[in-house]
Amino acid sequence: MSATIVVGTQWGDEGKAKCIDYLSENIDYIVRYQGGANAGHTVSVDGETYVFHLIPSGILYPRTICVIGNGVVLDPVAFEDEIEALKKRNIDSEGRLILSEACHLVLPVHRVVDEARENQAGQRKIGTTKRGIGVSYGDKVTRIGIRLGDVFEPAYLKERLDHLLDIRNLELKSYGLEPVDSAALLDQLLAFGERVRPMTRNTSFLLNEALRAKKSVLLEGAQGTGLDIDFGTYPYVTSSNTTTGGALAGSGIQFQYVEEVIGICKAYVSRVGEGPFPTELNGSEGDRLRELGHEYGATTGRPRRCGWFDVELVRHAARVNGLTGLALTKIDVLADYDEIPIGVGYERNGERLDAFPANLSGVKVVYERMPGWKSDISGARTLADLPKACRSYIDRLEELTGVPPRFISVGPARAHTIVVD
Ligand code: IMP
């Protein structure tokens, strides 16, 4: 048994949760390794739809153990709300949910500062989810953050919290906002600590021991490569490493255990928030693809920007993540098109670029067009069930990206999945 990493290859919302859910059935441990409640992972099972923000979707399988790794920023309020929402739907996470003592917390002040910074930035805003993610990671990196393990030590916690609030309250003041009182927050954090103490561990130890004992581990990425703090379209990115390197740093598992890295990519592309998007479709064409794909944010409800498949972005993801296979999702959404353009590369000043550049300004996309298949493929369960034009589209994507498809998703349910042998 070994570890499998699942990463997004575009700007998030590639359909990772559905693939993770599909792969989870025989997995012992599922681990979130970065991001926080900014993620919105939607899974459809037996006609029921579940949206997860922090808790791995593997919680739907009664024997799977779900781990929130050290690389995640954990919002106690969002976390407990999610557990309650699951309980109401008869999903009991008791004993199957484990938190890293090293994960950083997202405090209410982080959310307030996230929103204030975005408002202050005006036209230059990032378009964050306003969940306090970047502010919490910022505090981690500047070494004023609070880790879950800190909330079990009252005197130590008080000292850390006072230090953090001294700095964050100065920032709040500069925006004309009320400072946060440390006493009430301290009490809330201590009470939270008491509730989660039994589920808090050194998860790097736990996971490496599990792998040594031949258990299987799936590392569940959030967001996508285009949103990675190092490899994405900076500054329009999230504040963590969404890629394979982040999976190792955010879980503490040894790299030798990683056997597969599956890159999830949609058969077209979407993006929420600001930032460059070379293959974006504007106006009515973009609206058409958004409606066909129901592309609205699972966390914020924002309409997603939509465009054609971008080969350079997925090749970049293949390189950075070491992808061993692709899961191609939502290909059924393209059923109505006569012709399907594919962005096969970038040019700048008339010259073809050989790789995804750090700065996309001035980039023009080179397109190639494939014939559409003009039919509903949601009933297909094998490659042979797909129309020839659809298979040609898939073959061309494999040729261009250099990564073989392992899964093809033709609809939202578990059953809507073609496994490529
Ligand atoms: P933040 O992660 O809330 O700081 O937002 C930074 C950027 O990442 C914004 O463009 C968000 O729209 C984007 N983002 C964050 N989480 C997700 C996600 O789960 N799916 C898609 N985009 C996301």
>> Are there over 12 heavy-atom neighbours, none belonging to R124, within less than 6.0 Å of that residue's CZ?
In response: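 For R124, atom CZ is not crowded (no more than 12 foreign heavy atoms under 6.0 Å).
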> Is atom OH of Y234 surrounded by more than 12 heavy atoms (other residues, nucleotides or ligands) closer than 6.0 Å?
Replying inline: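 No, because the 6.0 Å sphere around OH of Y234 holds 12 heavy atoms or fewer from other groups.
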Compare every heavy atom of [Y] with every heavy atom of [X], then report the nearest pair and how far apart it is.
X    : Y    : result
G71  : Y137 : O-OH, 2.6 Å
P341 : Y367 : CB-CD2, 3.9 Å
Q34  : S240 : NE2-OG, 2.9 Å
L211 : S2   : CD2-C, 3.7 Å

Could you verify whether a donor N or O on one side chain and an acceptor N or O on the other, from [X] and [Y], lie under 3.5 Å apart?
X    : Y    : result
S270 : D13  : no
D139 : H104 : no
R201 : T203 : no
S409 : K18  : yes
D310 : Q10  : no
S182 : D162 : yes
T64  : D28  : no
S378 : D332 : no
Y175 : E115 : no

>> Please evaluate residues W11 and L313 with respect to the criterion side chain to side chain contact (heavy atoms under 4.5 Å, CB included), reporting the C-alpha separation (whole Å), side-chain torsions for both, the decisive distance (0.1 Å), and the verdict.
In response: CA-CA 9 Å; W11 282 287; L313 175 62; 3.6 Å; yes
> Are the aromatic ring centres of H316 and F356 under 6.0 angstrom apart?
Replying inline: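 Between H316 and F356, the centre distance is under 6.0 Å.
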> Under 6.0 Å between ring centres, would you say that holds for W308 and Y337?
Replying inline: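 Between Y337 and W308, which both carry aromatic rings, the centre distance is below 6.0 Å.
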>> Set out, in order, the CA-CA distance, both residues' side-chain angles and the distance that settles side chain to side chain contact (heavy atoms under 4.5 Å, CB included) for I408 and I394, then state yes or no.
In response: CA-CA 9 Å; I408 293 162; I394 296 167; 3.7 Å; yes
>> Test side chain to side chain donor-acceptor pair (under 3.5 Å) on T233 and R271; report intermediate values, then the result.
In response: CA-CA 12 Å; T233 47; R271 172 163 205 166; 3.1 Å; yes
> With R406, which residues qualify under side chain to side chain donor-acceptor pair (under 3.5 Å), at least two apart?
Replying inline: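 R406: side chain to side chain donor-acceptor pair (under 3.5 Å) contacts with E260.
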> Should the pair R352 and Y346 be classed as cation-pi, given the thresholds of under 6.0 Å to the six-membered ring centre and 45° from the axis?
Replying inline: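 No, a cation-pi geometry is absent between R352 and Y346.
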>> Can you pull out every salt bridge (Lys or Arg N to Asp or Glu O under 4.0 Å) where at least one residue sits in residues 228-247? Sequence neighbours excluded, please.
In response: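 Sorted pair list comes back empty.
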> Can you list the residues that meet the salt bridge (charged side-chain N to carboxylate O under 4.0 Å, His left out) rule with E295, with sequence neighbours excluded?
Replying inline: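 Checked E295 against salt bridge (charged side-chain N to carboxylate O under 4.0 Å, His left out); matches are K266, R304, K330.
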